[in-house]
Amino acid sequence: MKKRNVVFAGCGGITGAWMNAVKAFPDVKIVGLCDLSASSIDAFSERWKVSPVSAGDDLERVIRESGADTVFDCTVPSAHHAVTKTSLAAGCDVLGEKPMALSLDEAVDMVTAARNAGKTYAVIQNRRYLPGIRRFRQAIGEAAIGALTTLDVDFYIGAHFGGFRADMNHVLLLDMAIHTFDQARFLSGADAEYVYAADWNPAGSWYRHGASAVAFFEMSGGVRCTYRGSWCAGGCNTSWEGQWRATGTTGTLLWDGDSVLSGERDAGGTALIHDFAAVDVPPEAPIEHTGHAGVIRDFLDSLHAGRTPGTDCTDNVKSVAMVLAAVESAEAGKRVKVWREAHT
Ligand SMILES: NC(=O)c1ccc[n+]([C@@H]2O[C@H](COP(=O)([O-])OP(=O)(O)OC[C@H]3O[C@@H](n4cnc5c(N)ncnc54)[C@H](O)[C@@H]3O)[C@@H](O)[C@H]2O)c1
């Protein structure tokens with residue numbers, strides 16, 4: 001397997017998840033480190049015993065001096081557009097952290113830049129690479145509850161991050177809901193068409209803006225998806241993957257976002273409330289690489305094989321479009337069309 005020569009752009013908190021994955025991958029060689037903060041570069045080098053060929057705050061120079069062919073973008077969301085464009089222009093394939101960008105114009109521009117450069121740009125959607133969601137998706141796909149009509153998801157975690165999130169506009173929708181909305185597309189196979197959303201900052205919030213949100217999506221094929229979430233709800237947390245209810249034409253499945261999956265299907269009867277029987281849910285099948293490791297492995301394998309990765313920007317832009325339409329709806333206080341070109 002050809003080794004990929006990698007520059008990390010951004011050496012902060014999330015790189016721990018990346019390094020725990022790539023340290024086991026023999027086809028990854030870290031040749032460069034880039035961060036605006038020299039102390040972050042030093043801390044990364046020290047923690048992971050990495051001696052880069054080049055390091056500094058100028059990404060274009062670090063790529064050139066290190067001879068990199070791949071960039072892992074772990075910078076803050078507001079930097080993703082510039083980092084991705086610089087990397088693609090320098091001839092690198094890019095795997096970047098979510099969310100792709102903070103505006104649809106930027107996200108579309110990144111997709112165009114990757115296409116024009118003939119390079120791959122894929123996005124970390126680590127929650128697609130977990131046994132629980134694969135199992136839930138399989139159960140929905142097996143039509144154990146008939147045809148899917150509705151997905152409802154709750155996400156409640158009181159998370160004290162500090163850092164860039166504390167000061168970010170629409171923090172829950174922009175920095176977290178991308179995971180949940182992308183999961184909704186992954187589970188349903190449907191794309192969003194319209195959204196009505198609201199977000200607010202509850203009393204006692206330790207964020208500056210938008211720590212709680214609700215959204216209602218009209219999806220293709222008549223599927224509807226509701227979302228309720230908060231990052232400043234202390235106690236009784238859901239999982240990071242959310243707590244889901246899938247309603248079908250003949251039954252319901254419940255998934256706790258982890259390993260608890262159950263369901264009931266209509267067993268007939270003539271009473272006001274019909275009889276219901278437990279659904280036979282599929283067993284959880286282990287997957288070799290989970291979370292970040294799963295996305296990174298798929299990205300590397302796709303480059304070796306010359307195929308499109310599962311979380312390619314051309315697909316992920318449809319999830320980002322959900323987030324950005326939800327933000328637009330929350331700001332305008334009205335139902336908003338989710339970008340349609342993203343579906344072509
Ligand atoms: N996939 C997940 O589950 C998950 C979890 C946490 C964070 N994230 C994402 O990871 C990204 C980084 O989050 P974090 O928690 O590591 O933040 P962080 O603040 O700990 O680290 C970000 C680093 O990027 C650097 N940086 C900012 N702009 C830069 C630029 N233009 N060039 C080079 N370096 C730059 C900062 O100096 C900082 O060291 C965000 O997009 C976040 O949403 C994803």
Side-chain angles (χ1 to χ4, degrees), residues 6-22 32-48 52 54-63 66 68 71-87 90 92 94-102 106-107 110 121-130 133 155 157 159-183 186 207 210 231 239-242 257 289-296 298-299 311 316 319-320 323:
V6 172
V7 167
F8 265 96
C11 298
I14 197 58
T15 54
W18 288 64
M19 284 303 293
N20 277 322
V22 301
L33 296 177
C34 173
D35 201 296
L36 303 181
S37 147
S39 61
S40 293
I41 293 176
D42 291 345
F44 183 109
S45 304
E46 173 67 23
R47 178 176 176 195
W48 301 105
S54 177
D57 61 4
D58 180 344
L59 180 58
E60 197 276 330
R61 179 181 62 75
V62 172
I63 291 171
S66 64
V71 169
F72 289 165
D73 178 8
C74 296
T75 61
V76 295
S78 57
H80 291 171
H81 176 250
V83 165
T84 301
K85 295 254 331 226
T86 300
S87 306
C92 293
V94 182
L95 179 62
E97 267 299 344
K98 42 58 57 173
M100 278 177 76
L102 297 181
E106 284 187 348
M110 293 154 92
Y121 166 44
V123 182
I124 290 279
Q125 293 292 177
N126 39 310
R127 293 187 163 77
R128 286 186 175 217
Y129 287 82
L130 295 170
I133 195 166
F155 174 90
I157 293 190
H160 295 261
F161 294 104
F164 70 88
R165 294 178 184 85
D167 199 39
M168 192 172 173
N169 279 343
H170 303 288
V171 63
L172 184 73
L173 287 174
L174 284 174
D175 196 59
M176 185 64 217
I178 179 66
H179 282 299
T180 322
F181 296 173
D182 184 69
Q183 287 173 270
F186 183 65
Y207 296 83
W231 246 348
S239 71
W240 283 93
E241 284 65 42
H289 300 290
T290 57
H292 273 73
V295 189
I296 298 167
D298 177 62
F299 171 76
T311 60
N316 198 245
S319 299
V320 172
V323 170

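When a ligand or atom number is given, it counts from 1 through the structure's own listing order. Sequential numbering from 1 along the given sequence is applied to the chain's residues.
- The one candidate from Trp48, Phe72, Phe44 that meets the ring-ring contact (aromatic ring centres under 6.0 Å, His included) condition with Trp18 is Phe72.
- Scanning all protein heavy atoms for the shortest distance to atom 21 (O) of ligand 1 gives Gly12 CA, 3.3 Å.
- Contact annotation for Met176 and ligand 1: no heavy atom of the residue comes within less than 4.0 Å of the ligand.
- Side-chain N or O atoms of Asn20 include one that pairs as donor or acceptor with a backbone N or O of Gly16 at under 3.5 Å.
- For atom 12 (C) of ligand 1, the nearest non-hydrogen atom from the set Gly10, Ser39, Gly56, Cys74 comes from Cys74.
- Close approach of ligand 1 to Ala79 (heavy-atom distance below 4.0 Å) involves ligand atoms 28 (N), 31 (N).
- Ligand 1 places these atoms under 4.0 Å from at least one heavy atom of Arg127: 3 (O).
- Of all atoms in ligand 1, numbered sequentially from 1 with element shown, those under 4.0 Å from a heavy atom of His179 are 1 (N), 2 (C), 3 (O).
- Side-chain atoms of Leu95 and Ile124, non-hydrogen and from C-beta on, do get closer than 4.5 Å to each other.
- When Ile14, Asp35, Leu59 are checked for heavy-atom proximity to atom 25 (C) of ligand 1, Asp35 turns out nearest.
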- List the steps and the verdict of side-chain contact (heavy atoms from CB on, under 4.5 Å) for Arg47 and Met19. CA-CA 10 Å; Arg47 178 176 176 195; Met19 284 303 293; over 6 Å; no
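- For the pair Thr311 (side chain) and Val123 (backbone), a donor-acceptor distance under 3.5 Å is present.
- For atom 30 (C) of ligand 1, the choice among Thr86, Leu36, Leu33, Thr15 with the nearest heavy atom turns out to be Leu36.
- With respect to atom 9 (C) of ligand 1, the closest heavy atom belonging to the protein is Glu97 OE1, 3.6 Å.
- The shortest side-chain heavy-atom distance between Ile133 and Glu241 does not fall under the 4.5 Å cut-off.
- Taking 4.0 Å as the cut-off, Ala9 does not count as a neighbour of ligand 1 on heavy-atom distance.
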- Item | Glu106 vs Lys85, side-chain contact (heavy atoms from CB on, under 4.5 Å): CA-CA, chis, key distance, verdict | CA-CA 10 Å; Glu106 284 187 348; Lys85 295 254 331 226; over 6 Å; no
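- Distance alone, capped at 3.5 Å, places no donor-acceptor pair between the Arg128 side chain and the Gly291 backbone.
- Each of the following atoms of ligand 1 lies closer than 4.0 Å to a heavy atom of His80: 41 (O).
- Looking at Asp35, its side chain does come within 3.5 Å of a backbone N or O of Cys11 through a donor-acceptor pair.
- For atom 11 (C) of ligand 1, the choice among Val76, Asp175, Thr75 with the nearest heavy atom turns out to be Thr75.
- By heavy-atom distance, the residue among Gly13, Cys11, Ala159 lying nearest atom 18 (P) of ligand 1 is Gly13.
- Both the backbone and the side chain of Lys98 come within 4.0 Å of ligand 1, counting heavy atoms alone.
- Near Ser40, meaning under 4.0 Å from any of its heavy atoms, are these atoms of ligand 1: 39 (O).
- Close contacts of ligand 1 with His292, meaning ligand atoms under 4.0 Å from a residue heavy atom, involve 1 (N), 2 (C), 3 (O).
- Proximity to Pro77 (heavy-atom distance under 4.0 Å) selects the following atoms of ligand 1: 40 (C), 41 (O).
- Atom 13 (O) of ligand 1 has its closest protein heavy atom at Phe164 CE2, 3.7 Å.
- In this structure a side-chain-to-backbone donor-acceptor pair under 3.5 Å is missing from Thr86 to Val83.
- Contacts with ligand 1 closer than 4.0 Å are made by side-chain heavy atoms of Asn126 only, the backbone lying farther away.
- Look at Arg127 and Asp182 and you find no salt bridge, because none of the NZ, NE, NH1 or NH2 atoms lies under 4.0 Å from a carboxylate O.
- Arg165 NH2, 3.7 Å is the protein heavy atom nearest to atom 42 (C) of ligand 1.
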- Query: Checking side-chain contact (heavy atoms from CB on, under 4.5 Å) for the pair Trp231/Asp175: CA distance, chi angles, key distance, verdict?
  - Reply: CA-CA 10 Å; Trp231 246 348; Asp175 196 59; 3.5 Å; yes
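- Ligand 1 has no atom lying under 4.0 Å from any heavy atom of Gln125.
- With hydrogens and angles disregarded, a donor-acceptor distance shorter than 3.5 Å links the side chain of His80 to the backbone of Pro99.
- A heavy-atom distance below 4.5 Å is found between the side chains of Phe164 and Pro77.
- Near Ile124, meaning under 4.0 Å from one of its heavy atoms, ligand 1 places the atoms 1 (N).
- With a 4.0 Å cut-off on non-hydrogen atoms, Phe161 does not touch ligand 1 at all.
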